[in-house]
Number of protein chains: 2
Amino acid sequence: MADVDADPKKLTRNQQAVLAALKGAGRPLTAYDVLGLPAIRKAGMKAPLTIYRALDKLIALGLVHRIESLNAFVHCGHGPHDHAAGFLICTDCGRTLEVHLESCENHLAGRARDQGFAVDDVRVEMTGRCPDCAGRAAVP
Amino acid sequence: MADVDADPKKLTRNQQAVLAALKGAGRPLTAYDVLGLPAIRKAGMKAPLTIYRALDKLIALGLVHRIESLNAFVHCGHGPHDHAAGFLICTDCGRTLEVHLESCENHLAGRARDQGFAVDDVRVEMTGRCPDCAGRAAVP
DNA sequence: TCGGACAATGTTATGATATAACATTTAAAA
DNA sequence: TTTTAAATGTTATATCATAACATTGTCCGA
Ligand SMILES: [Zn+2]
Ligand SMILES: [Zn+2]
Ligand SMILES: [Zn+2]
Ligand SMILES: [Zn+2]
C-alpha cells in the first residue's frame, strides 16, 4: 500500500511545507485550507494545483491520508504503515483519530472475497464525538 | 439510522424520478450524471439543486447511499436497513456491490469505544475488481 | 371547507473542490 | 556531459455542492 521505505529527507520544499502544515494543524485540512496558511504562502505556493501535487506525493508515501467524507487531508498519526487504517471523525470539533485495523481488515476483505471481489484498498470512516466533545455534551 | 418505515408510495415526483434513475443505472451516478439523463429532463428537473434535494430525502429514507470516494449515489441493494453497509467499488467497470456488516460493525465501533469515541455512523468503502473484471484480467 | 403549518419545488447565483494543458526548472542517472 | 524523469509554475477550466428567496403543493385540525 504505502511506500514505507520513503526517506522523509528527500521530500521537496513544497512537500515539506505541506506536511509541516498538516502536522501543525493536528486535524484534517482541505487543500484550500492549506493554501490559505501564511507559512504556505511564504513558501511561494499560490495555486491549488501546487498543493494537490504535494498532497498526492505525501499520500503515496503514506505520510498523509485523505478523509473522503471531508474532502480533507490529515497527517498520519502512526508513521507509514502497510495495513488499513480507520478514522474516527468528531462532528463537533472536526478532529480525527486514526486507528489501526489489522484484525478488522481481514474480516472486511473476507466479506469481499466471499463475493469474488479482489480487494486493493479498504477505507473506514466513522463519525461521532471524540472523548473531549462527548464529555462536554454530557455535562451541560 | 435509516427511516425504515418509510412508505415508497409517498415519494414525490422528483424523488421517484431520481430513485428510478439510480435503480435503472445499476451503478453509482453523480448528481450531474442524474441531471443529464433524458428521463430526468423530461420530468422537468433542470437544476443541480433539484437533484441534490431529492437525493437528500432518498438517503434519509435509506433508499439510496452516498459513495464518498466517488462523490456518487447508488440505489440501496438491500432495501432499507438499520445497520452499516460496506461498498465494494470496482475500479475497472465502476459498479459497486453492497455488503452487510452487522458483525464487523460491532468490531469497528468497539475499536472506537476503546478510544472513548461515541460512534454515530460507520462507513466502509473497498476498492478492487469485481468478479467479472477480475475474471477478464486473469484471462488476457 | 377553510386556513395554518410545513415540506417540496423553482430559479438564479455562487461557493468549494479538483484537474487539464503546456512551458520551464530541477534533480537524478547514465 | 547528456539524457531522463520528477517536480514546479501558470492559467484556465472542470466538477461537485449549497445559499437565498419566492412560490407551490400537501396535510391535518378547526
Ligand atoms: Zn496512517
Ligand atoms: Zn471533538
Ligand atoms: Zn443499503
Ligand atoms: Zn468490474
Side-chain angles (χ1 to χ4, degrees), chain A residues 3 5-22 25 27-37 39-61 63-74 89 94 125, chain B residues 3 5-22 25 27-37 39-61 63-74 89 91 94 123 125:
Chain A
D3 187 351
D5 297 328
D7 182 353
K9 300 186 192 75
K10 292 200 171 175
L11 293 179
T12 67
R13 181 175 48 88
N14 284 357
Q15 290 156 12
Q16 287 179 28
V18 171
L19 182 60
L22 291 178
R27 61 186 193 85
L29 298 180
T30 69
Y32 284 80
D33 287 340
V34 173
L35 185 59
L37 295 172
I40 292 291
R41 310 314 290 244
K42 274 175 198 149
M45 305 172 82
K46 48 189 171 183
L49 189 48
T50 311
I51 308 296
Y52 281 107
R53 288 200 277 223
L55 287 169
D56 285 349
K57 189 59 190 282
L58 293 170
I59 289 170
L61 295 175
L63 300 172
V64 165
H65 299 295
R66 176 183 169 86
I67 311 290
E68 297 290 351
S69 60
L70 298 177
N71 294 326
F73 306 86
V74 68
I89 304 166
E125 299 181 11
Chain B
D3 187 350
D5 296 329
D7 182 355
K9 299 187 193 77
K10 292 202 173 175
L11 293 178
T12 66
R13 180 175 49 90
N14 284 358
Q15 290 156 13
Q16 287 178 28
V18 171
L19 182 60
L22 291 178
R27 62 187 194 83
L29 298 180
T30 68
Y32 284 80
D33 287 340
V34 174
L35 184 59
L37 296 173
I40 292 291
R41 308 316 289 246
K42 276 176 199 151
M45 306 172 81
K46 49 189 172 184
L49 189 47
T50 310
I51 308 298
Y52 281 107
R53 287 200 275 221
L55 288 169
D56 285 348
K57 189 60 189 284
L58 293 169
I59 290 170
L61 294 174
L63 299 172
V64 165
H65 299 296
R66 176 183 169 86
I67 311 290
E68 296 290 351
S69 61
L70 299 176
N71 295 325
F73 305 86
V74 68
I89 304 166
T91 50
R123 320 185 67 92
E125 299 181 11

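Computation of the quantities below employed the complete heavy-atom set of this structure, encompassing side-chain atoms and omitting hydrogens, waters and symmetry-equivalent molecules. Throughout, a chain's letter reflects where its sequence line sits, starting with A, and its residues are numbered from 1.
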Between [options], which nucleotide has the shortest distance from any of its atoms to the side chain of [X]?
{"X": "Y32(A)", "options": "dA6(D), dT8(D), dA18(C)", "result": "dA18(C)"}
{"X": "R53(A)", "options": "dG10(C), dT17(C), dA21(C)", "result": "dA21(C)"}
{"X": "T12(A)", "options": "dA17(D), dA7(D), dT10(D)", "result": "dA7(D)"}
{"X": "L49(B)", "options": "dT8(D), dA20(C), dT18(D)", "result": "dT18(D)"}
{"X": "Y52(B)", "options": "dT18(D), dA8(C), dT12(C)", "result": "dT18(D)"}

Check: D33(B) side chain, T30(B) main-chain N or O, donor-acceptor pair, under 3.5 Å: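 Pair found, side chain donor or acceptor close to backbone of T30(B).
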Does any N or O in the side chain of Q16(B) come within less than 3.5 Å of the main-chain N or O of L11(B), such that one atom is a donor and the other an acceptor?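 At least one qualifying donor-acceptor pair exists.
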How long is the line joining [atom1] of [X] and [atom2] of [N], in whole Å?
{"X": "L29(B)", "N": "dA17(D)", "atom1": "CG", "atom2": "P", "result": "13 Å"}
{"X": "I67(A)", "N": "dT17(C)", "atom1": "CD1", "atom2": "C1'", "result": "16 Å"}
{"X": "I51(B)", "N": "dT18(D)", "atom1": "CD1", "atom2": "C1'", "result": "15 Å"}
{"X": "L11(B)", "N": "dA7(C)", "atom1": "CG", "atom2": "P", "result": "16 Å"}
{"X": "L55(A)", "N": "dA7(D)", "atom1": "CG", "atom2": "P", "result": "14 Å"}
{"X": "D56(B)", "N": "dC16(D)", "atom1": "CG", "atom2": "C1'", "result": "13 Å"}
{"X": "I40(B)", "N": "dG10(C)", "atom1": "CD1", "atom2": "P", "result": "12 Å"}
{"X": "L35(B)", "N": "dG10(C)", "atom1": "CG", "atom2": "P", "result": "12 Å"}

Within less than 4.0 Å of OP1 or OP2 of [N], is there a side-chain N or O belonging to [X]?
{"X": "N71(A)", "N": "dC16(D)", "answer": "no"}
{"X": "R66(A)", "N": "dA18(C)", "answer": "yes"}
{"X": "K57(A)", "N": "dA7(D)", "answer": "yes"}
{"X": "K46(A)", "N": "dG9(D)", "answer": "no"}

In a check of side-chain contact (heavy atoms from CB on, under 4.5 Å) between V18(A) and each of L35(A), V34(A), T50(A), which one passes?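 Of L35(A), V34(A), T50(A), side-chain contact (heavy atoms from CB on, under 4.5 Å) with V18(A) is met by V34(A) alone.
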Residue met sooner reading DNA chain C from 5', once L70(A) and A54(B) are mapped to nucleotides: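 Counting from the 5' end, the first nearest nucleotide belongs to A54(B).
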Where each residue is assigned the nucleotide of DNA chain C containing its nearest heavy atom, which of R13(B) and P48(B) is assigned the position nearer the 5′ end?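 First, find each residue's nearest nucleotide; the 5'-ward one identifies R13(B).
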Would you mind classifying the nucleic acid contact of A31(B) as base, sugar-phosphate or nothing, using non-hydrogen atoms under 4.0 angstrom?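 Nothing, no heavy atom under 4.0 Å.
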Can R66(A) and N71(A) be said to form a side-chain contact (heavy atoms from CB on, under 4.5 Å), step by step? CA-CA 7 Å; R66(A) 176 183 169 86; N71(A) 294 326; 3.1 Å; yes
Go through it in stages, so that I can follow the logic: the residues are L22(A) and L63(A), the test is side-chain contact (heavy atoms from CB on, under 4.5 Å), and I'd like the CA-CA distance, side-chain angles, deciding distance and then a yes or no. CA-CA 10 Å; L22(A) 291 178; L63(A) 300 172; over 6 Å; no
